[in-house]
2 protein chains.
Amino acid sequence: MSEDTLFAKMASGEIPSDEVYSDEEYYAFRDINPQAPTHVLIIPRKPIPKISDAEDGDRALLGGLVLKATEIARREGLEDDGYRLVINCGKQGGQTVYHLHLHILGGRQMNWPPG
Amino acid sequence: MSEDTLFAKMASGEIPSDEVYSDEEYYAFRDINPQAPTHVLIIPRKPIPKISDAEDGDRALLGGLVLKATEIARREGLEDDGYRLVINCGKQGGQTVYHLHLHILGGRQMNWPPG
């Protein structure tokens, strides 16, 4: 068995986190080092390390991840003003935890370039 | 009929673009104002204005969009070092063209915060 990542432990409740959303497929929580007034991470419970590891069979899971992110953004009151969705892949992408996660950032004007 | 966006006109060939990938569902091209050594945009041909406009029926389309982005990143030689995927939604997200598009950025270290 592979060792659970920090995020998998948050999703299972083994490590505390500031939960925003939870269901059988996804778990969302607030970033502990927020980069915007609203900064939520959403992960699939399935432990895909990097987005580049996703396979054709993950298509519905990934589509659901993006749709769930829009639903969370709506609940967080970000829809009218807008927001940014970000997935970091690997070192140059800035990925630090190797459990696929999507960042939802809003509540301020996001700048360009995106990092 | 709604007027086609700049990106829809690129996908149809009405306006020239630097094509990277094309199939029945998706079209990808190089950003005219690149923010990294590799900066590609991928769009669904279906004209969804914003990611917040996507509906449950778009789940497979969105999952395919993300998977296709990983495939393009692989072809562009970004997979080993890593890359960043970004979707801007609305004004504060920094969206400038209202045809859903996903940015693929790589070839340099991406910074934090993501804009």
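Sequence lines set the chain letters: A, B, ... in the order given, protein chains first and strands last, and positions in each chain run from 1.
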Please identify, among [options], the residue contributing the most non-hydrogen atom pairs under 4.5 Å to chain B.
options: A/D80, A/L61, A/V66, A/N111; answer: A/N111
options: A/L62, A/D81, A/L102, A/T70; answer: A/D81
options: A/D58, A/L67, A/L78; answer: A/L67

Quick one: does B/L41's side chain get under 4.5 Å of B/Y27's, heavy atoms only?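 Not touching, per the 4.5 Å side-chain cut-off.
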Option in [options] with maximal non-hydrogen atom pairs under 4.5 Å from chain A:
options: B/E79, B/Q92, B/E55; value: B/Q92
options: B/K50, B/Q35, B/H39, B/R59; value: B/R59
options: B/A54, B/G63, B/G90; value: B/G63
options: B/G64, B/G82, B/C89, B/P113; value: B/C89

[X] versus chain A, heavy atoms under 4.5 Å apart: side chain, backbone, both or neither?
X: B/L65; answer: neither
X: B/R74; answer: side chain
X: B/A60; answer: both
X: B/D56; answer: both
X: B/L105; answer: side chain

Measure the [atom1]-[atom2] distance between [X] and [Y] for me, rounded to the nearest 0.5 Å.
X: A/I104; Y: A/D31; atom1: CD1; atom2: CG; value: 11.0 Å
X: A/N33; Y: A/T96; atom1: CG; atom2: OG1; value: 10.0 Å
X: A/D18; Y: A/M10; atom1: CG; atom2: CE; value: 9.5 Å
X: A/K46; Y: A/Y26; atom1: NZ; atom2: OH; value: 10.5 Å

May I ask you to decide if A/P44's main-chain N or O and A/H99's side chain share a donor-acceptor pair within less than 3.5 Å?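 Looks like yes, one N/O pair under 3.5 Å.
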Non-hydrogen atoms of B/N88 and B/G94 that approach each other most closely: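 Heavy atoms only, the tightest pair is ND2-O, 3.7 Å.
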Exactly one of A/E76, A/K68, A/E71 should register a side chain to side chain donor-acceptor pair (under 3.5 Å) with A/Y21. Which one does?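 Among A/E76, A/K68, A/E71, the one meeting side chain to side chain donor-acceptor pair (under 3.5 Å) with A/Y21 is A/K68.
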